[in-house]
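Presented below is the structure to which this report refers.
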Amino acid sequence: MRNFWFSLKEGLLGFKRARLASIITITSLALALLLTGYFILFSLNVNHWIGEKRSQMELEVFFENDLNNAKAKEATAQIQQIPGAARVIYISKKAAAERFEKEFGRNIYDILDSNPLPPSCKVRLKPGFQTSAAVQKMVLQIGRINGVSDVVYEKELLRLIDYYVTWIYIILGGFGLILLLIAVILLYNTIRLTIFARRDIIEIMGLTGATASFIKRPFIIEGFLQGVLGALAASGLLYLSVEAIRRLLFSSLAMQDNIYLILVAAGILIGVVSSALSLSRYLDKI
Amino acid sequence: MIEFYNVDLNIDKKTILRDVSFRVLKGEFVYLTGASGAGKSTVLRLLYMDLFPDRGTVIIERYSSAKIKDKEIPYLRRQLGVVFQDFKLLPDRNIFDNTAFALRVIGMPGKEIKKRVLRVLTDVNLSHKRNHYPEELSGGEQQRAAIARAVVNNPIAVLADEPTGNLDSDNSMEIMEILQKINQNGTAVLMATHDNELISAFPHRIIEIKEGRVGR
Ligand SMILES: Nc1ncnc2c1ncn2[C@@H]1O[C@H](COP(=O)(O)OP(=O)(O)OP(=O)(O)O)[C@@H](O)[C@H]1O
Ligand SMILES: [Mg+2]
């Protein structure tokens, strides 16, 4: 226990003793984590945007023009039963005519003798059914229902989303991995150098009868604190950035608070693991 | 207490020590002499087990080079006080903390550490510089601080590798007097040196290393 307090104190003092090295380590950690944070934020928003596009997707089902209201409603109820159908809104011939008037400013009966607009319904899709393949299957099922004449949806858009999404995720994932790798290598090297600069101290401690773990502990605590401080700085900057973007660019920027947690966890992990790995080189003899 | 039995040591296929045997008794003061490159520092490194013999055995009290485990080496080193030509103080802390370090590694309570450190710093006439950093001290003062750290934990032996090598003759004399005093209090001293003047001023048994062997 006494050793623990000594290690803690030494770990904290390590900051003061190697001030410049600590500042460099914390700054580069903060920058690397901030960059990672921006990247996660960007990916999150891309994902969010794709999700939004998909969830706005709807099928328009047109019934046969002469289908009466009761039959059309029955068909609508059947459509509601199809797996993947979320909210289904029925639009009667009359409602379609009203919508026409609203949109074009003229009553359809002024132009034509009878209402040519068929009854229809709009089908929202449940999450998980917002892909081309799922939609095509649903379209087939809906087409088999009596009274349905046509199903219309933004086929091209959905196909494009499906096609590019895979690529977007692969690119984002790959880029994120490379970013992470660079951050880890950069920080591992920074920390390794700060420990290399103190290799004489480590050697002297060993000659004085210190065990490897006794020598290690303050360095690990120092690495831990550097990780925490770097991550807190990165989180603070990320938070300010999010607020600024929301105020100045898009108010609807998506953000999840657990990104901050991820950054802190990553900072601690990088700090502790880099310190431990760098130390083992100098301590394997003791 | 300290024993070398037929020790051979090679580094990179070069023979450094061959069939070296000697012993140092409890409380003895012994010089280790020999030309530069003869292997004096190597003998000391074998003693604090920074190196291990290729053949033969090194014994310090209950520790044997043949049986010691890596984990036990720090405990062996706590029985020894090591002093070097280049002092090897910790540059990042003051003289008090440098000396105290040898006691912190054994987990001694802070109060006790303070008492003991102040006492040895007084013994080496450095208590007034306890808050100074090594770089603020002269060579002689740094070496006295290193000796304070070496003896603060009451070792069975002090191993000194040319402790006066970087010092002028006045400072060398002062260091020798401190080592003498330590020895008189019952701690063995094994000191590597090639300073014949010091040896004749403070005569003790000599172990000479010549071409990797111990002459008799
Ligand atoms: N790490 C090493 N690698 C290769 N050779 C070494 C190593 N350490 C020591 N030697 C060799 O071992 C021999 C003995 O070296 P050692 O340092 O023990 O001599 P010494 O008697 O202490 O000399 P000095 O009086 O100059 O300090 C020398 O020939 C040296 O070149
Ligand atoms: Mg030498």
Side-chain angles (χ1 to χ4, degrees), chain A residues 1-25 191 193-223 225-226 275-276 278-286, chain B residues 44-45 47-52 63 68-84 86-94 97-113 133-134 142 145-146 148-156 158-161:
Chain A
M1 200 56 205
R2 193 174 294 125
N3 273 347
F4 173 76
W5 288 117
F6 177 71
S7 301
L8 189 64
K9 216 174 92 192
E10 284 284 295
L12 287 167
L13 277 175
F15 266 52
K16 215 181 85 190
R17 288 175 181 148
R19 196 178 298 135
L20 185 65
S22 293
I23 289 172
I24 291 171
T25 309
I191 291 178
L193 282 177
T194 68
I195 289 175
F196 174 77
R198 286 185 278 178
R199 67 195 179 286
D200 291 343
I201 292 177
I202 293 172
E203 187 208 330
I204 295 168
M205 288 175 167
L207 291 176
T208 317
T211 56
S213 60
F214 186 85
I215 297 173
K216 224 181 224 175
R217 239 176 286 136
F219 284 97
I220 302 279
I221 290 171
E222 207 179 309
L225 290 174
Q226 284 170 342
S275 303
S278 314
L279 279 166
S280 59
R281 287 194 44 201
Y282 304 103
L283 290 175
D284 56 4
K285 275 177 73 180
I286 305 165
Chain B
L44 296 181
R45 285 177 70 192
L47 284 172
Y48 56 80
M49 301 205 184
D50 191 32
L51 287 176
F52 287 86
Y63 296 101
I68 195 163
K69 297 192 191 80
D70 280 359
K71 284 207 175 310
E72 295 175 316
I73 291 176
Y75 299 91
L76 156 74
R77 291 182 181 170
R78 292 171 193 181
Q79 305 281 313
L80 301 171
V82 286
V83 178
F84 297 92
D86 58 356
F87 322 132
K88 293 203 194 295
L89 294 169
L90 298 166
D92 61 355
R93 60 200 78 196
N94 65 28
D97 287 328
N98 260 281
T99 312
F101 190 82
L103 299 176
R104 295 211 163 105
V105 300
I106 62 171
M108 186 180 274
K111 256 191 186 163
E112 178 72 16
I113 290 180
Y133 279 71
Q142 288 187 53
R149 181 183 62 196
V151 299
V152 71
N153 191 25
N154 299 323
I156 56 167
V158 169
L159 310 178
D161 194 352

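This one's a predicted model, so the numbers in the text were calculated from it and none came from an experiment. Just so we're on the same page: letters track the sequence lines, and every chain starts at 1.
Here the rule is side chain to side chain contact (heavy atoms under 4.5 Å, CB included) with A:T211, and of B:R78, B:E72, B:K71 only B:R78 fits it.
The environment of CZ in A:F196 is sparse: at most 12 heavy-atom neighbours from other residues, nucleotides or ligands sit within 6.0 Å.
Between the CG atom of A:L283 and the CG atom of B:D70 there is a distance of 12.0 Å, given to the nearest 0.5 Å. Rounding to the nearest 0.5 Å gives a distance of 8.5 Å between OG1 of A:T208 and CG of B:N98.
When the side-chain contact (heavy atoms from CB on, under 4.5 Å) test is applied to B:D86, the partners found at least two apart in sequence or on another chain are B:F84, B:K88.
Residues A:L207 and B:V82 come closest through the heavy atom pair O-CG2, 3.9 Å.
Interface residue B:L89: only backbone heavy atoms are found under 4.5 Å from chain A.
Sorted by first and then second residue, the salt bridge (charged side-chain N to carboxylate O under 4.0 Å, His left out) pairs involving residues 99-109 of chain B (not counting sequence neighbours) are B:D97-B:R104.
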